[in-house]
Every structure is written in C-alpha cells, then in structure tokens.
Amino acid sequence: MKKGWIIAIVIVVIILLYGFVSYNGLVTANEGINSQWAKVETQYQRRFELIPNLVESVKGIMKQEQAVFTAIADARTHYAGAQTVDDKAKAAGEVESALGRLLVITENYPELKSSDTVQTLMAELEGTENRISVERTRYNDFVQTYNLKVKTFPTSIMAKIFGFSEHAYFQSATGAETAPKVSF
C-alpha cells in the first residue's frame, strides 16, 4: 500500500513538473512572438520617419540644380535665337547670371549633390526594406515554433488548459506584389 502511494505521488509530481515546464515554454514562445513583432513595427516606424525626409531632401536638391540648368539652357536658347545686338547682349547677360548662380552652388557644394542624394535614397530604401523583410521572416519563425508547441501532443493539452491559441503568420497585404512607385 505504501509503495502504491509513492508511485502515485511520483506520477503527480512528474505531471506537475511537466505542466510547469510546458506552461513556461508556451509563455516564453508567446513573448518571443510579441518581442519580434515589436521589432517589425520598429522597422516600419523607421521607414515612415526616414524615407519621406530623404525624398524631400532629394527633391530640394534636384529642384535647385534643375532650376539653374534650366536657366542656363533657356539663356543659351535666347542667345542662339537673338537677331539684334541688343537681344544678344541681353541673352549673354542671362547666361552670365545663370552661370553665376551655378558658380554659387558649386562653391557651396563642390560636387553637384543630386546624384549622391539619389544614390543615398536608393541605398536607404533597399536597406530599410531588407531590414523589414528580415524582421518579418524572424517573426514568422517565432510563430512557427510557438504554433508547433500549441499544436503538438502533449503540449497541446497544456496549451488548451492555459488558454494558449495559435498566432497568425505575417502575410503580405493585398497589392503588395506590386512594386511601390517612387516619383520626384
């Protein structure tokens, strides 16, 4: 009789230990998912804060350079089409004025910056999208590990007892297969 009680107590202790281990494993996996989703959101936030500012700075630099080059081209066209000496002198003055503005820009910015800023923007776009992709993949890996614990026997029993249910995988939104359009 005493031996039967000892065996029953050992079985109960084993079941309780298994329950604690399963519960802690489920809690840990669930928190891993929450933590990983926070990382995905951090990358989204980075995208929302960084990209519009870079696009605006590229637009600003491109506008400045484009205005000067347009003024030079217009002045050159006026000079080529001038028929009188006065018209040619006026057009030559426009060319000198536009070249003066170009010199000011090149003195302030030794290299014209639009190509550099566009390249920086493209690198940041690529880096941001790669970071988001990596964090989404890690999120889905955490969800897979957790869902396997929730679905597989005997942990599934503990999951049902403690109310753990499956998490949804990250799925791309409708229309995500279409590349976003960047316009200046």
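On a predicted model such as this, the values are computed, not experimentally measured, just so you know.
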Shortest non-hydrogen separation from T128 to R46 and the atoms involved: OG1-NH1, 2.6 Å
With E56 via salt bridge (charged side-chain N to carboxylate O under 4.0 Å, His left out) - residues at least two apart: K59
Contacts of E129 that satisfy side-chain hydrogen bond (donor to acceptor under 3.5 Å, both in side chains) - sequence neighbours left out: R47
Sequence neighbours excluded, every pair satisfying salt bridge (Lys or Arg N to Asp or Glu O under 4.0 Å) that has a member inside residues 10-32: none
Same apolar cluster (I L V M F W Y, side chains within < 4.5 Å links), I157/V27: yes
Minimum heavy-atom distance between M158 and L26, given as atom pair plus value: C-CD1, 4.3 Å
side-chain hydrogen bond (donor to acceptor under 3.5 Å, both in side chains) partners of E126, counting only residues at least two apart: none
Gap between atom CZ of F142 and atom CG of N34 - 0.5 Å precision: 11.0 Å
Which residues share a side-chain hydrogen bond (donor to acceptor under 3.5 Å, both in side chains) with N140, sequence neighbours left out: none
Linked hydrophobic residues, I7 as query - side chain contacts closer than 4.5 Å: I11, I15
Pairs satisfying salt bridge (Lys or Arg N to Asp or Glu O under 4.0 Å), at least one member in residues 4-20, at least two apart: none
Co-membership, hydrophobic cluster, residues L50 and V134, 4.5 Å side-chain: no
Contacts of R131 that satisfy salt bridge (charged side-chain N to carboxylate O under 4.0 Å, His left out) - sequence neighbours left out: none
Closest non-hydrogen atom pair, L148 against T152: O-OG1, 2.6 Å
CA sep, side-chain torsions, deciding dist, call: H167, V150, side-chain contact (heavy atoms from CB on, under 4.5 Å): CA-CA 10 Å; H167 276 273; V150 169; over 6 Å; no
Within residues 153-171 or reaching into it, pairs that qualify as salt bridge (Lys or Arg N to Asp or Glu O under 4.0 Å) - sequence neighbours excluded: K151-E166
Full working for side-chain contact (heavy atoms from CB on, under 4.5 Å) between T137 and F170: CA-CA 8 Å; T137 301; F170 174 83; over 6 Å; no
Modelled atom types, side-chain donor and acceptor of E41 and Q45, under 3.5 Å: no
Where at least one partner belongs to residues 20-68, residue pairs that pass ring pair (Phe, Tyr, Trp, His ring centres under 6.0 Å), sequence neighbours excluded: Y23-F162, Y23-F164, W37-Y139
Flag side-chain contact, heavy atom, 4.5 Å: T155 against Y18: yes
Stepwise side-chain contact (heavy atoms from CB on, under 4.5 Å) test for E135 and Q36: CA-CA 7 Å; E135 297 304 337; Q36 189 56 43; 2.5 Å; yes
Point-to-point distance, once rounded to the nearest 0.5 Å, from CD1 of I132 to OG1 of T42: 10.5 Å
Qualifying residues under side-chain hydrogen bond (donor to acceptor under 3.5 Å, both in side chains), relative to Q43, sequence neighbours excluded: none
V13: hydrophobic cluster co-members (side-chain, 4.5 Å): I9, L17
